[in-house]
Amino acid sequence: MGGICPCGVQVNAFARRVNVRINGVRGNITGNLTYRANVCISTLNTSTLSLRFEDTETPNNRFNFLFTANEITDVTCRREGQNCVVTVRGTGMVGMTQYSFVAVFRDQVGTAANDLVQSFVITEFFNQGGTVQVEQGSIVAVGCQS
């Protein structure tokens, strides 16, 4: 993020065997999710965010995709107890199609607690279908310090 960031998040997280929903597909698809983000409210124009889904269920991995944000329009940081919840909104691309998205990351305090991707929705395309646990330390939020 560089410099002081009043609200943002850095994410380098991976989740295995997650049941997700893809628009137009009946039921859930199982696969691996890789989340990456380097987002700061004071540098939205240079902030980055991506989500890679690796289909591990269907023949020929036909639902693999990479979503890359092309514009991050809003970042909010909210303290919940000792934890920090960062919501990121904007638009991005899957192939040549643009979608809006909302991603909610929760940086959990304590070595025993996993960090959480509370929600990741790509409007009219993808929904991770609930909270996904990721390794502690793979989500680092700023902006909730007391």
**Report entry** E57 atom CD: more than 12 heavy-atom contacts under 6.0 Å
**Finding:** yes
Query raised in the report: Do the side chains of I72 and V88 get nearer than 4.5 Å, heavy atoms only?
Result: yes
Output a table of donor-acceptor pairs, distance under 3.5 Å, between side-chain atoms of residues 89-106 and any protein atom two or more places apart or on a different chain; print 'none' if there are none.
unit_1: T91; atom_1: OG1; unit_2: N70; atom_2: OD1; d: 2.8
unit_1: Q98; atom_1: OE1; unit_2: N70; atom_2: ND2; d: 2.9
unit_1: S100; atom_1: OG; unit_2: T123; atom_2: OG1; d: 3.1
unit_1: R106; atom_1: NE; unit_2: Q108; atom_2: OE1; d: 2.4
unit_1: R106; atom_1: NH1; unit_2: E80; atom_2: OE1; d: 2.4
unit_1: R106; atom_1: NH1; unit_2: Q118; atom_2: OE1; d: 3.4

Query - Closest approach of G31 to T56 (non-hydrogen atoms, all atoms of both residues) - result: CA-OG1, 3.4 Å
Query raised in the report: What distance do I22 atom CD1 and F63 atom CZ have between them, rounded to the nearest 0.5 Å?
Result: 6.0 Å
Query raised in the report: What distance do D107 atom CG and Q10 atom CD have between them, rounded to the nearest 0.5 Å?
Result: 10.5 Å
Requested in this report: Step by step, work out the side chain to side chain contact (heavy atoms under 4.5 Å, CB included) result for I122 and L51.
Outcome: CA-CA 10 Å; I122 303 169; L51 170 72; 4.2 Å; yes
Report task. Would you give the length of the straight line joining atom CG of D115 to atom CD of E135, rounded to the nearest 0.5 angstrom? Result -> 9.0 Å
Query - Co-membership, hydrophobic cluster, residues V20 and V11, 4.5 Å side-chain - result: yes
Query raised in the report: Does I139 reach the side chain of V117, with side-chain heavy atoms less than 4.5 Å apart?
Result: yes
Query raised in the report: Does the pair C77/C7 show an SG-SG distance of less than 2.5 angstrom?
Result: yes
Query raised in the report: F126 vs F53 aromatic rings, parallel, tilted or perpendicular, using cut-offs 30° and 60°?
Result: tilted
Report task. Might you point out which heavy atoms bring V109 and Q82 nearest each other, and give the distance in Å? Result -> CG2-O, 2.7 Å
Query raised in the report: Nearest heavy-atom pair of N114 and V134: which atoms, and what distance?
Result: CB-O, 3.3 Å
Query raised in the report: Yes or no on side chain to side chain contact (heavy atoms under 4.5 Å, CB included) for F125 and F65, after CA distance, side-chain angles and deciding distance?
Result: CA-CA 11 Å; F125 179 74; F65 72 86; 3.8 Å; yes
Report summary line: Distance col, row T87:OG1 vs D74:CG, nearest 0.5 angstrom, shows 8.5 Å
Requested in this report: Would you confirm whether N127, through its side chain, and V121, through its main-chain N or O, come within 3.5 Å as a donor-acceptor pair?
Outcome: no
Query raised in the report: Taking D55 for the side chain and N64 for the main chain, is one N or O donor matched with an acceptor at less than 3.5 Å?
Result: no
Report summary line: Rounding to 0.5 Å, atoms CG (N12) and CZ (R36) come to a distance of 4.0 Å
Report task. Determine, using the 4.5 Å side-chain heavy-atom cutoff (strictly less than), whether F67 and V9 are members of one ILVMFWY cluster. Result -> yes
Query raised in the report: Between the side chain of N32 and the main-chain N/O of E54, is any donor-acceptor distance below 3.5 Å?
Result: no
Report task. Could you tell me whether a side-chain N or O of R78 sits under 3.5 Å from a main-chain N or O of V85, the two making a donor and an acceptor? Result -> no
**Report entry** Candidate pair F120 and V132, rule side chain to side chain contact (heavy atoms under 4.5 Å, CB included), full reasoning
**Finding:** CA-CA 9 Å; F120 203 117; V132 173; over 6 Å; no
Query raised in the report: Shortest non-hydrogen contact from I41 to C5?
Result: N-SG, 4.1 Å
Query raised in the report: What pairs meet the side chain to side chain donor-acceptor pair (under 3.5 Å) rule with one or both residues in residues 15-28, with sequence neighbours excluded?
Result: N19-T30
